Amino acid sequence: MTKPKRSKRPPIHMIDSEADLLGDLALAAAERSPQVSAMLLDEMTRAKFYSRERIPADVVVMGATVEFHDAHGSTRSVKLVFPKDADISDGRVSILTPVGAGLIGLREGHSILWPDREGHERELTIVRVRQEVSAP
């Protein structure tokens with residue numbers, strides 16, 4: 001009997017100017033958060049890179065507010081931020097958390113299997129993305 005194949009991971013889209021910073025963050029976190037560091041670096045190796053002006057509007061980027069739901073029926077809305085700005089009680093989730101690393105680069109409608117903080121795999125589906133408007 002063969003094992004069922006895991007669904008293919010969706011493509012990842014990232015802003016080129018954020019890539020170096022995210023890579024540096026992931027490497028710096030490798031000792032204290034090896035799993036999250038590895039997940040983020042892995043996602044970055046699969047990414048297609050765009051300039052900020054050309055990134056599609058429905059892609060989860062740093063500073064974006066993301067509404068997503070999981071297979072258990074929970075729906076959440078969070079803002080993806082750098083670690084220094086994280087505050088879960090205010091809905092700001094760090095890129096250096098499992099869900100943060102899982103959300104970066106996804107587009108509306110995409111789903112991904114991703115581990116939660118307890119290591120249980122959950123399917124997350126992006127419902128809506130609102131990117132911050134950058135000042136010129």
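The residues of the chain are indexed from 1 along the displayed sequence. Because the structure is a prediction, the values reported are computed rather than measured.
- No side-chain heavy atom of Phe68 sits under 4.5 Å from any side-chain heavy atom of Val60.
- Both Met62 and Leu21 are members of a single hydrophobic cluster when ILVMFWY side chains are connected at heavy-atom separations under 4.5 Å.
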Test log, rule side chain to side chain contact (heavy atoms under 4.5 Å, CB included), inputs Leu41 and Leu27:
CA-CA 8 Å; Leu41 290 169; Leu27 291 171; 3.8 Å; yes
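- The same ILVMFWY cluster, assembled from side-chain heavy atoms under 4.5 Å apart, contains both Val78 and Ile112.
- Closest heavy-atom contact between Thr75 and His69: OG1-CB, 3.4 Å.
- Of all heavy-atom pairs spanning Gly63 and Lys79, the tightest one is O-CE, 3.3 Å.
- The two residues Val36 and Ala101 have their closest heavy-atom pair at CG1-CB, 4.3 Å.
- Atoms OG and CG, on Ser94 and Leu80 in that order, are 7.5 Å from each other to the nearest 0.5 Å.
- Here CE of Met44 is found 4.5 Å from CE of Met14. Values are rounded to the nearest 0.5 Å.
- Without hydrogens or angle criteria, Ser37 side chain to Ala26 main chain gives a donor-acceptor distance under 3.5 Å.
- A donor-acceptor contact shorter than 3.5 Å is absent between the side chain of Glu43 and the backbone of Gly102.
- Across all their heavy atoms, Val93 and Arg76 have their closest contact at CG2-NH2, 4.2 Å.
- Within the 3.5 Å criterion, the main-chain N or O of Ile12 finds no donor-acceptor partner in the side chain of Arg46.
- By the 30° and 60° cut-offs, the orientation of the rings of Tyr50 relative to His13 is tilted.
- Counting only heavy atoms from C-beta outward, the side chains of Pro98 and Met39 approach each other to under 4.5 Å.
- For the atom pair Ile95 CD1 and Leu22 CG, the distance stands at 5.5 Å (nearest 0.5 Å).
- Nearest approach of Pro10 to Leu106, heavy atoms of both residues: CG-CD2, 3.5 Å.
- Salt bridge Glu18/Arg52: present, at least one basic N to carboxylate O contact under 4.0 Å.
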Check the pair Arg128 / Thr65 against side chain to side chain contact (heavy atoms under 4.5 Å, CB included), numbers first and verdict last.
CA-CA 8 Å; Arg128 185 171 177 212; Thr65 299; over 6 Å; no
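- Note: the hydrophobic cluster containing Val61 does not contain Leu25 (ILVMFWY, side chain heavy atoms under 4.5 Å, direct or indirect links).
- Of the possible donor and acceptor atoms, one in the side chain of Gln131 sits under 3.5 Å from a partner among the backbone N and O of Val59.
- For the residue pair Asp16 and Ser51, the shortest heavy atom distance occurs at OD1-CA, 3.6 Å.
- Hydrophobic clustering (side-chain heavy atoms under 4.5 Å, transitive across Ile, Leu, Val, Met, Phe, Trp, Tyr) groups Leu96 together with Val99.
- Here the side chain of Asp90 pairs no donor or acceptor atom with the backbone of Arg92 at under 3.5 angstrom.
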